[in-house]
Structures are given as C-alpha cells and as structure tokens.
Amino acid sequence: MSTETSTTTEEREPTPAPQAERESLLRSIVESSSLVVFIAVALSLILGGVLIIVASDEVGEAAGYFFSRPGDTFKAIGDVLGSTYSAMVNGAIYNTNASSFATGIKPLTQTLTMATPLIFAGLGLGLGFRAGLFNIGAQGQIIIGATLGGYIGFTWHLPIGLHLLVAILGTMIGGAIWGFIPGVLKAATGAHEVIVTIMLNYIALNLVSFLLSKDAFQQPGSDNPIAPPVDSTAMYPKLLGSNYALHWGFIVALLAAVGVWWLLERSTWGLQFRAVGANPSAAKTAGMNVPMTYVLVLVIAGALAGLAGSAQILGTQPALTSNVAASFGFDAITVALLGRSRPLGIVLAAILFGALNASGPALQVQAGLPIDVVLVVQSLIVLFIAAPPLVRSLVGLPHPRHVKEVTA
Amino acid sequence: MKLELRGITKRFGDFTANDRIDLVVESGTVHALLGENGAGKSTLMNVLFGLYDADEGEILLDGEKVQFEGPGDAMAAGIGMVHQHFMLIHPFTVAENVMLGHEDVVGPAKLLNVEQARKQVKEISDRFGFDINPDALIEDLPVGAQQRVEIIKALSREARVLILDEPTAVLTPQETDELLDIVRQLRDAGTAVVLITHKLREVQAVADEITVIRRGKVVGQAKPTATQEELASLMVGRSVSMTVDKQDANPGDVMLEISGLTVRDEFDVTHLDNVSLDVRRGEIVAIAGVQGNGQTELTEALLGLTAPVAGSIKLDGKELVGRPIRDVLMSGVGFVPEDRTEDGLVASFTIANNMILDQYHQAPYSNGLALQLGAIRTAAEKYVEEFDVRTTSIDATAGSLSGGNQQKVVLAREMSRPLKLLVASQPTRGLDVGSIEFVHKRIVAERDHGSAVLIVSSELDEVVALADRIAVMYHGRIVGIVPPDTDRDTLGLMMAGAVEEAKA
C-alpha cells in the first residue's frame, strides 16, 4: 500500500493550488470526488423516478381525487415505482420470472455485453482526459476500427485463433489512425482536438457509408449497405456458451482496463501523460515533449476506441453497417467522466450504463414506460456530473478544501 | 476620513489569513502595512475593499460601521484601491479607463460623456503634476504612468482612503521616488493612504505610522524613525542579515557564452536585441532590470523554450540553440523558472513525482518502460531532507506546500543533477526570509562547486547580495556589466536606460 500511494494520492484530493481558479471544466470534472459522482448517479435515479411518477397516467388519475382519497395516489406512486425498478432489475440484473437460474442470469450477461464497448471507448477517452485532451472522436474511431477489423474478418480467411488476433489488431490500427490525425494536427498546427475529432466523426460515418456502397463491402448479390458477416474464425468466442451473447471481448476489456491503469500509474509514459494533462507548461519546462505526447495519447486512445469497434463487429454485430458504433462513442464520454477517467471507475460506469441500456426493453414491456426514460436518466447523470458545484449545493456538501495562496 | 478595522478575521478552510487584526488610519496620514509575502496584507485589504467577506470583525468609517458587498460599495464609500496588477484595459484611452464602471452619458442617444472624463483626468493630473494625457492609450504608457492612471481612477471617484498594494514592485528606483512624492502630496491633500509593502526603505521614506503583520497577526506598531533592522526583525520575528555570506568568486573558464542573441515574438516585436554575455565557472552573474525588459525571454531562450532568430548560446563550447529542452537540461543546465506554480511544478502531483519531473524517463527512476517507485521514493526523501522541505510526507501534493517549500522542491530537482550552469529566475520571489537565506546559500554553494550561475531578479537587494558581476538589462539589451558594489543610483539609472555603462 505504501508504494501505491506514491503515485495515486495526487488524484484522490482536489488540488488546493493557486491555479484552482483557472481550472478548466475538464480538470474539475476529472478531479471531482467519488462522493459527488455517487450522489450524481443517485440524484439522477431519484429525479428519473419523479419524472416517471409525473408522467404516469395512473398517478395522474388518482391525484385527481387526492383530497378525498389520498391513499390512492400514494398507492399509484408505489405501484409505478415498484414496477419500474423491478423492470430495471429484471432487465439488467436477474430475471425473477425465469424458470431457471441459467435463463434468470441472462440479463446480467446482457448488461456486461453492452458494457464491453463502453469500457473500451471509455478507457480511450479517459486516457485523453487525463492528458488534458478533450477527445470526443471515439465514435469515428470505433467506426473506422470496426470497418478495418470487419474487412479483415470477412475477406481474409485465416486459421482459427490467428484470424481473431489479426482482426482485433485491425480494429486497433483503424482506431489508432483516426486518433493519429487529430493528434498530429494538434501537435503540428495547434488545431483544437474538439473540432477535429467532431469532424472526423462525420468523415468516418460517411466513409463507411461510401464503402458500403461498393461491391467489395456488400454481400454477394445484394445492393444493401450491409457487409458480409465476419468469419466465425474472427469472432470472439462466447464466454458462457452459445446461449449467452457475452463474449471474450469483455475479458479483453477488463485486461485493457488493467493495462491502462498500469500505463497511467506505473509507466514512464503515464507520468508524462498526467504531467502534460495537469500542467503542460511545467511539463514542457521539465523537458517533456508536449506535442509528441498529444500524438501518442490520441493514437493509444484511438486504438482503445477501435477495440470498442471489435466488441461490436467481432462480438455482437458481425455484419458491418453504418450504424456499427450505435451511440457508444458518445455514451463513452459520459462513462469516462462518470468514472472520473480512472480505469476502475470507467469499468463500473460502463457496467452501470450497460445495465441502463439493457433494462430499456424490459421497461417498455413490463412497466409500459417509454425507452426514453433510460435516456433521461443518462442525461441527468451527465448534467449532474458536469456541474459538481450544483450537486454539492443540492445536498449541502462543503466546498472542497480550497486554500488560497495568500499573496499579502 | 478615518478608517478603522476592528478584529478582522479571515479564514480559508483551516488556514487563518487574518487573525483579529486591528488597524486605525487617520486622514492625512500614510499608514504602512508592512509584512512579508504571505503575511496576510493583501487579504486584509481585499476584505476592506469588499472582495472577501470577513469571518469576524467590523469596518468603521469616521466611526460608523459599514458593510461592503463588493468593490462597488467600497468605492462609493470613498475607498480606492490600486492593485498590484493593474486593472486597466490596454486598448482603451486613459479617459475611457477612468470612466469605466461609472460612465456618464449625455443627450437623448445616451452617448458616453468622454469629454467630462477627459476634463477630470486633466484636472487631477494637473493638480498632482502627473503629466498624463487623457487621450493616450494605456498600452503606450510606461508602467509608472499606468500606475498613475490607477491613482487617477481612484481619485476621480473621490477616494478619501487610498490603498496601494505593493505599488513599487514593477517600478524603477526613479519611478519609485516619483510615486513616493505623489503619496506625500495625497497625504497633504488630506487623503488617508494605506501603503502595503515589504520594502523597508519605502516605508521609512514616506510612512507616518507603521503596522507590522506577521502570519496574519498584527505583531507591532512602529514609527518611521525605527531602523531597518528593527523593522525587519519585527517582520520576520528574528534578526536577519540582508547580506549573503559568501567568499570572493574564483572564476574559471567561460562556461556559458551567449553571443548576438536576438529574440522576436510572433508579432515581430524584438524582446532580445543582440545580447552577448559570458558566465564563467564559479561565478554568479545576476541580471538586474525592471521586469519586462527581456529577462524572461533570455532565460527562455537559454532553455530552448523560445527559438532565437539569431545568435548562439554555447555551454562548455557546445551549441545549445536548436536542441530540445530535455537535451539542454540533461547536458547540465539547471533551470529554476520565474513562475514556479505555472512552469516549475505540477501542483496536483506528489512532491515525490515533482522531484523527478525532469528525470523520470531515465535510470534510476525508470527502467525504460516502468517507473521505479522505490528509487523515486528514496531520492525524494533524500532531497526533502537535504533541502529542508517542510512537509508531512513526500506523498503530499506540491500544491499543498507553501511558496517557500515549493521553491525548495524546484531547487532540489534542478540541483540534484550534475550541473554546469544554473539559471534561476526570481529565485526567492514570494518567499519568507528564512527560505530566502536558504535559497541564497544553496545558490552560492552551487557556484563554489564550480558551476556557472545566472540569476535573474527584479529585487535589486538580491542582485547586489548575490552577484559577482551585475548585467543590467533595458529594452532587450544589456546596457552594462558592473561590479556588485556599484551604487544604487547608478544601477537605477541604468535600469531606466539612462546611462550606458562601460563594460567592467
């Protein structure tokens, strides 16, 4: 423990530094405490519950005669919340209506499956945030990674094992290229990564649509913009047998989280990344090559986002379409922020988001709620995470210790 | 107007910046608030000016209790403040700056009444002999004149209590004398002046009353007849010597050879103009000059942060220009940056990580791939001990340290490599006297080790105390190199660009 603290304590405490006032939004989010994050999630769920109550017809009807029979209103509220939360549990963790444990546990495996691309992409974005880069290009990086990996998967026919490795490598290279472009543009010209990565997201989307209009990317005899499915030799093996969608990509994602932790906290590069992120001018003065760091970070971040593409194209969506990235690239921004850009936090946040996404269908079917409720809860989380002072004032938390350097 | 502060207490977290401070300033007097950097002077004045809320205590004007919600209230009550960093808008004229915040409008179209502001500036300027043109742009004015604009701003709002926060930090000795004359005039006109400073000479020259603050508390009152030593010992709590204990230099071969160095910025403004300077082994060359005369650019060019358009920098015969910063550092240059919080430290990092910020990539701190945490801890603990960094743990963040201890971390890092040249900018800025002594001692020790040392400081006392030779910079040029026993007036004139001294 004593050796670990040497590199990790600095992240646990907010910095009582004189530049605190000049801190960017990004830095204040990254340095916000776990407690604030936890409260933000709790508040979002509670507020989501309030919205569900307000939107519920039953509660509305019962409230119409609230003063004659108030009990009805409370009962209606209880029913709505009860069915909502039980639907969420049934949809995301364990299906209590299932006949056997094997089917009952299916929602949890579904949650982990949906978390897998979010872990990868969240790790990539979190790495960038730690180095002071607001990379929001995961969407494009996932698309390009999935396109390259998918192409390898359905055109090259390699032996089992090797095919998967090469295809995974392909997704990483694809993402890395899409990270390298904004990195090198920032390093060489100072072009801001936010603008460049947003634009590259569009380019990636249109590029894959264009490719899918070519014969080489279409299924034989079809003109639809869907690529042939990836060879089974290039697919992640199922982790728990063919009854479950959960595949080895999840394990790879956990390994990637450990790898990113090591990279950030234990490696020479990681110290450099964090120094550049926390104070680029001090990093430069200490001899670090700041532009080079930006390129390196974005390449690694791109490769990680590319792996998120592998979880799709080599895991759950073997046929490439232009929708291969769904909204994982954007959800991953929230995941990375929610996880405070720490690998463990990102894994947990990704699983939470996986659970929210997985519970969507059950909410619709069991509780009769629109699937948008999940989106609302996710959006509320974003809102609260982006405004730590709001959360603090809502629950009356004191401001983090803020000692000014008094220049009297 | 009589200003009275009673029992003012201001805390930041568990740090008490002001502890039950009492202060009475009579109209028509100059009251000096004397204390080291960090003693709590500026905090007190920010409380008075309504920028901070006091946790306890009250403010009275002419015996009546007042409460300020912000600077607007304070100004309306007749309190004016000239901040250490001027609050002026550079592309605006003097008159526009003076009217800013209480603009007067005329006519149905509600046009700005610039004419009235111009008149007001002229009137105040004439009354005190400021010689300020109301139509001049701020950016065209020298620093001393900008400060007078700040004073006009305060006076135009009928300030009867004027607070001057470290007003001489950016002035040449001549400008300082002019400012002190202005302060006397204001006092004679009945204004109560509060002068915040840590410079004893100015206090003795102009103050009627002196209140000394140390660690947030009033530790004593003094009359201007007190000697500098008495004031200094009140200020720091023990007797101090302003001189640095050092033997005569024993200079060896030329170690650093700067020739024809010229630096221009992206707007083609020349910051360094054909600068040539040699520093030998075993000597300290100190650069004197008012801030902003090219000193920053010189040190940045030395490290490679700025690329010169012409000239060469040779270290031990090898060219440094064009080499990456890391190469320059590793070839034996120690660099203490001017702004330690901005360029010297990563505040959110531990002390241990800050100690190795320049060497993390090589043995023994790295095996090429992974950090060697054990070696980092060992080294950090050794340097903390050796440089007397006051901290509870090497795992504390650098941002949690006081300025003096932060500077010791930077020094420890930069002096822990075998050095050929030490470049230190403002090595003791913002430090308490104890830390200053320590830093000076280490710098002299580095010289005696045989390193060449280049110091840049805006504190003339420091330059004189440390230097074996003084190079004076003005407008990007070295206007003279003189021995350290040169008298202050001559140095002051050189810093103001008035004299071209022959090379010593």
Side-chain angles (χ1 to χ4, degrees), chain A residues 1-20 22-23 27-28 30-31 130 132 262-292 398-408, chain B residues 12-15 17 35-45 84 196 213 216 303 305 324-330 335 337 341-350 352-353 356-358 360-361 365-366 368-371 373-374 376-377 380 394-400 402-403 413 430:
Chain A
M1 190 60 208
S2 63
T3 49
E4 197 184 280
T5 45
S6 76
T7 47
T8 50
T9 37
E10 74 248 23
E11 290 94 24
R12 294 207 184 111
E13 291 165 359
T15 323
Q19 63 249 56
R22 279 177 269 141
E23 261 173 4
R27 210 173 295 160
S28 72
V30 169
E31 288 175 1
R130 292 289 290 279
W262 182 87
L263 177 69
L264 275 171
E265 308 296 341
R266 288 288 180 275
S267 78
T268 308
W269 277 3
L271 183 81
Q272 183 174 333
F273 293 175
R274 288 184 287 130
V276 167
N279 186 345
S281 38
K284 187 179 177 194
T285 308
M288 296 176 186
N289 188 334
V290 177
M292 205 55 194
H399 199 73
R401 208 167 77 95
H402 188 139
V403 180
K404 286 195 180 188
E405 193 182 53
V406 186
T407 49
Chain B
F12 297 105
D14 48 15
F15 173 73
E36 290 189 90
N37 288 308
K41 300 172 306 233
S42 291
T43 306
L44 183 66
M45 289 303 114
Q84 194 171 349
I196 301 174
I213 294 186
L303 187 66
L305 286 164
I325 294 168
R326 177 166 286 168
D327 275 17
V328 173
L329 290 170
M330 293 306 134
F335 186 82
T341 53
E342 188 65 27
D343 300 323
L345 294 165
V346 180
S348 58
F349 272 22
T350 60
N353 280 349
I356 51 116
L357 205 58
D358 54 350
Y360 69 96
H361 61 288
Y365 308 120
S366 166
L369 216 57
L371 297 171
L373 300 182
I376 293 172
R377 290 192 75 83
I394 58 166
D395 298 323
T397 60
S400 68
S402 71
R413 178 179 73 221

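Order of the sequence lines fixes the chain letters, A, B, ..., with proteins taken first and strands second; residue numbering starts at 1 for each chain.
The contact between Leu329(B) and chain A is made entirely by side chain atoms (from C-beta outward), counting heavy-atom distances below 4.5 Å. Only the side chain of Leu303(B) comes within less than 4.5 Å of a heavy atom of chain A; its backbone N, CA, C and O stay farther away. Contact annotation for Tyr360(B): both backbone and side-chain heavy atoms come within less than 4.5 Å of a heavy atom of chain A.
Between Gly287(A) and Ile325(B), the shortest heavy-atom distance links the atoms CA-CG2, 3.7 Å. Nearest heavy atom pair, residue Glu265(A) against residue Leu371(B), reads O-CD1, 4.2 Å. Pairing each heavy atom of Leu357(B) with each of Ala282(A), the nearest pair is CD2-O, 4.4 Å. The minimum heavy-atom distance linking Asn279(A) with Val346(B) is given by the pair CB-CG2, 4.1 Å.
Within the 3.5 Å criterion, the main-chain N or O of Ala370(B) finds no donor-acceptor partner in the side chain of Ser267(A).
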Worksheet item: Can Lys284(A) and Leu305(B) be said to form a side-chain contact (heavy atoms from CB on, under 4.5 Å), step by step?
Response: CA-CA 8 Å; Lys284(A) 187 179 177 194; Leu305(B) 286 164; 3.7 Å; yes
Item to complete: Output, in order, the C-alpha distance, side-chain angles, deciding distance and verdict of side-chain contact (heavy atoms from CB on, under 4.5 Å) for Leu373(B) and Arg266(A).
Response: CA-CA 8 Å; Leu373(B) 300 182; Arg266(A) 288 288 180 275; 3.5 Å; yes
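Most heavy-atom pairs under 4.5 Å with chain B: of the set Gly270(A), Ala283(A), Ser281(A), this distinction falls to Ser281(A).
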